[in-house]
Amino acid sequence: MARHLITSAIPYINGIKHLGNLVGSQLPADLFARYQRARGNEVLFLCATDEHGTPAELAAAKAGKPVAEYCAEMHDVQAKIAEGFGLSFDHFGRSSSAENQALTQHFAGKLADAGLIEEVDETQIYSKADGRFLPDRYIEGTCPNCGFEDARGDQCDNCTKQLDPTDLINPHSTISGSTDLEERATKHLYLKQSQLRDTLQDWINTKTDWPVLTTSIANKWLNDGDGLQDRGITRDLDWGVPVKRGTQDWPGMEGKVFYVWFDAPIEYIACSQEWASGDEWQRWWRTDKGAGDVTYTQFMGKDNVPFHTLSFPATILGSGEPWKLVDYIKSFNYLNYEGGQFSTSRGRGVFMDQALEILPADIWRWWLLSNCPETSDAEFTWEGFQSGVNKDLSDVLGNFVSRVTKFCRSKFGETVPKAGTYGPEEDALIAELTKRIRAYEGHMEAMDVRKSAQELRAIWALGNEYLQDAAPWTLFKTDPDQAAAQIRLALNLIRLYAVLSAPFMPTTSAKLFVAMNSLDTSWPDDVTAALGSLAPGHEFSVPDNLFAKITDEEREGWAERFSGIRD
RNA sequence: GGGCCUGUAGCUCAGUUGGUUAGAGCAGAGCGCUCAUAACGCUUUGGUCGUAGGUUCGAGUCCUACCGGGCCUACCA
């Protein structure tokens, strides 16, 4: 039995995520986790909220709450929505946990012991009105290059020139608008990633099967300009993991916290400590404690790739301790919304809570996964969504279940008919099913999400093709026994579909198991045997229609409702 | 500015190391079926593969230039 450690990029705490965030990390990770469990493998699937950093502090202030309270509430909100989407985390943790705090400090201590931490004196912009140091992006002013008035401190959005905050003319805080800014001396810890450059390059070079998107971003950072740069891992903030060297105070670093991107990936490990009782987590993370046979897969959007291919591995490798390194990084492009971008800050697009208000989770799961942005950015349009969902789910799968169960009820009652035997047509179907199921498995193992969905859909369609060819409604008049055998097979197909479709649509799958009155969720390694699961005489019930069609009126209403800023 | 990705039928996308008449789903057209959510099945119409050159016996696939779209560029996360 294989062992799979699976983590999804951890969503930031400051608000509800949109569908683009969902499809870029949590949803495909859940698909993979559910599939591996269905194949009988041991899975630990982890996710958490990423709670530190300036935006969290500002969001809390805006909500008029202490940041700890705000984060606790938002964590619960995100956890509930995740549950609504059927995300099957073994644990949904928090980067602000005591476990992560201790582990982050531990790693910092080990890195310092290894000579990989440097203390750097520097100056940063301080805003007296805001009472805080400002990250470059929170300072705006006039671009010295093109005269654009709303240039950010790191880059001008108009002429794309890279800037330093001190370059700006008439700089002001984007938080308060205050122009009372000054340069202040401060000291920070830098992780000397440059010393690990060759180690990281050698490691990345072995990952020939990773998505191009993943390795090309990593190589860019490793080789651009002077190569991998050292990186500041502390900030002058109140909310975060206090800077300590292991359990010891760090002289000169009082009142400072670790940078959110330093502690966030460590939460993957800490999350397992939150989940586990005792040392159970170690057999997933420590190669000296039984994690040697673990396959570790991470899922994330492309914006997260540098931190997962370089920063976090630098932390792991630099510690000199036997931690498990990631084996495969599945990265995604972005999902666009009706010709533009989903935007959290501007409230553009459909957000996870809104999605669940208007349609069941499985419908979203199916469309998002079968259209996920694997090779390039993908496009959400209401028309495409409507036609895709109606065709695939209502017409191909839903209607198949409906026609089979209702025909059986009217001719044979709500029991699997006993008469008749299988012949060449059934053998041909089984051969075709076997071929396609093996292909489906291959795509799922490879995490080819769109291809997996395409194959699954083709497997559903085989049922309709078979029925049309067999035509039990005609045969019933002359050879009812043969029609009975055909319907027996078709009923078994429904159970088979419930098994195969479960990773994509867990709720629908569960409904089918209930209707078929079956507890047999075993994977169809032998398709012939799987199609004998529901024995002659087995009772079942006719389910309600699985998927209501999306009407034109609904589609138009939603397109209108979600055309602007979220309410 | 630099780097990476991308441009294939009306739409959304597949096209393995260059190899015969370029594929799928949806949409369109025709036929069939009537068990079913007017659902299903079969057949079929659509493409000089962004443009222009080049390499090759052979290019959607490799090279160059150009045009269009996107992302990243290290202090947002």
Side-chain angles (χ1 to χ4, degrees), chain A residues 9-14 50 52-56 58 122 124-125 133-139 152-155 159-162 164-165 174 188 193 211-213 215-217 219-221 223-225 228-232 235 259-261 264 301-307 310-311 333-334 336 341 344-345 370-371 373-381 383-384 387-388 390-411 448 450-451 453-454 457-458 461 463-474 476 483 487 490 544-549:
Chain A
I10 65 179
Y12 199 66
I13 193 72
N14 67 341
D50 177 14
H52 295 138
T54 307
L58 297 179
E122 56 192 12
Q124 291 192 351
I125 305 294
F133 284 93
L134 296 177
D136 292 354
R137 294 210 176 191
Y138 286 88
I139 303 163
R152 291 197 317 259
D154 57 340
Q155 185 174 38
C159 67
T160 73
K161 184 177 172 62
Q162 287 191 59
D164 194 77
T174 60
H188 283 296
Q193 297 184 139
V212 178
L213 183 65
T215 48
S216 66
I217 292 173
N219 281 318
K220 160 79 162 102
W221 282 52
N223 298 301
D224 192 41
L228 188 62
Q229 301 296 300
D230 295 344
R231 193 171 182 110
R235 292 290 183 275
Y259 175 40
V260 55
W261 262 118
K302 56 185 167 184
D303 52 332
N304 274 264
V305 168
F307 303 99
L310 303 170
S311 307
N333 287 282
Y334 292 145
N336 291 320
Q341 292 187 334
T344 303
S345 56
S370 59
N371 292 278
E374 277 179 310
T375 53
S376 63
D377 289 353
E379 182 81 11
F380 176 93
T381 63
E383 282 197 31
S387 72
N390 283 352
K391 194 69 195 173
D392 294 351
L393 299 184
S394 301
D395 297 347
V396 177
L397 176 61
N399 183 55
F400 176 76
V401 172
S402 182
R403 68 195 296 204
V404 170
T405 53
K406 286 176 182 172
F407 180 80
C408 185
R409 178 171 63 186
S410 80
K411 305 300 183 201
D448 278 333
R450 297 177 82 128
K451 287 181 182 174
Q454 206 174 345
R457 197 199 117 104
N464 284 318
E465 291 165 23
Y466 168 75
L467 271 194
Q468 192 63 36
D469 199 39
W473 47 88
T474 303
F476 182 75
I487 287 301
D544 293 337
N545 284 347
L546 290 181
F547 307 100
K549 285 203 181 196

| Rounded distance [0.5 Å steps], CG in Leu397(A) versus NZ in Lys391(A) |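 Nearest 0.5 Å value for the CG-NZ distance: 13.0 Å.
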[X] side chain near [N] phosphate (N/O to OP1/OP2, under 4.0 Å):
{"X": "Lys451(A)", "N": "rG15(B)", "answer": "yes"}
{"X": "Arg231(A)", "N": "rC75(B)", "answer": "yes"}
{"X": "Tyr259(A)", "N": "rC76(B)", "answer": "no"}
{"X": "Tyr334(A)", "N": "rC72(B)", "answer": "yes"}
{"X": "Arg403(A)", "N": "rC35(B)", "answer": "no"}
{"X": "Arg457(A)", "N": "rC26(B)", "answer": "yes"}

| request: Heavy atoms only: give me the nearest Asn464(A)-Asp395(A) pair and the separation to one decimal. | output: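 Of all heavy-atom pairs spanning Asn464(A) and Asp395(A), the closest is ND2-O, 4.3 Å.
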Polar side-chain contact [X]-[N] base: donor and acceptor under 3.5 Å:
{"X": "Gln454(A)", "N": "rC13(B)", "answer": "no"}
{"X": "Trp221(A)", "N": "rA74(B)", "answer": "no"}
{"X": "Asn399(A)", "N": "rA36(B)", "answer": "yes"}

Give me the distance, rounded to whole Å, that separates [N] from [M] when you measure between the [atom1] atoms they each carry.
{"N": "rC13(B)", "M": "rU73(B)", "atom1": "P", "value": "24 Å"}
{"N": "rU45(B)", "M": "rG30(B)", "atom1": "P", "value": "15 Å"}
{"N": "rG7(B)", "M": "rU16(B)", "atom1": "P", "value": "12 Å"}
{"N": "rU51(B)", "M": "rA59(B)", "atom1": "C1'", "value": "16 Å"}

| field | Partner set under side chain to side chain contact (heavy atoms under 4.5 Å, CB included) for Ala458(A), not counting sequence neighbours | value |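 In terms of side chain to side chain contact (heavy atoms under 4.5 Å, CB included), with neighbours along the sequence ignored, Ala458(A) is linked to Arg436(A).
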| Closest-nucleotide ordering on RNA chain B, the 5'-leading residue of Thr375(A) and Arg235(A) |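 Nearer the 5' end of the strand: Thr375(A).
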| So does Glu383(A) have more than 12 non-hydrogen atoms from other groups sitting under 6.0 Å from CD? |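 Open.
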| field | Audit row: Arg450(A), Asn371(A), side chain to side chain contact (heavy atoms under 4.5 Å, CB included) steps and yes/no | value | CA-CA 6 Å; Arg450(A) 297 177 82 128; Asn371(A) 292 278; 4.2 Å; yes
| query | Mind telling me whether rG10(B) is syn or anti, cutoff 90° either side of 0? | reply |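 Chi for rG10(B) falls in the anti range.
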| Distance, rounded to the nearest Å, where Phe400(A) contributes CZ and rU37(B) contributes P |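 Atom CZ in Phe400(A) sits about 15 Å away from atom P in rU37(B).
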| query | Given atom CG of Leu467(A) and atom P of rC40(B), what is their separation to the nearest angstrom? | reply |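 From Leu467(A) CG to rC40(B) P: 13 Å.
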Check the interface with nucleotides 2-4 of chain B: list each N/O to N/O pair with the protein under 3.5 Å, or write none.
from: rC4(B); atom 1: O2'; to: Ser216(A); atom 2: OG; distance (Å): 3.2

For nucleotides 27-33 of chain B, tabulate all protein N/O to nucleotide N/O atom pairs closer than 3.5 Å, reporting atom names and distance.
from: rG32(B); atom 1: N2; to: Gln468(A); atom 2: NE2; distance (Å): 3.1
from: rC33(B); atom 1: O2'; to: Trp473(A); atom 2: NE1; distance (Å): 3.3

| query | Any donor-acceptor pair under 3.5 Å linking the side chain of Gln193(A) with the backbone of Gln229(A)? | reply |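 Answer holds: yes.
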| query | Touch check for Glu465(A), heavy atoms < 4.0 angstrom, all strands: base, sugar-phosphate only, or nothing? | reply |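 Sugar-phosphate, backbone atoms only, no base.
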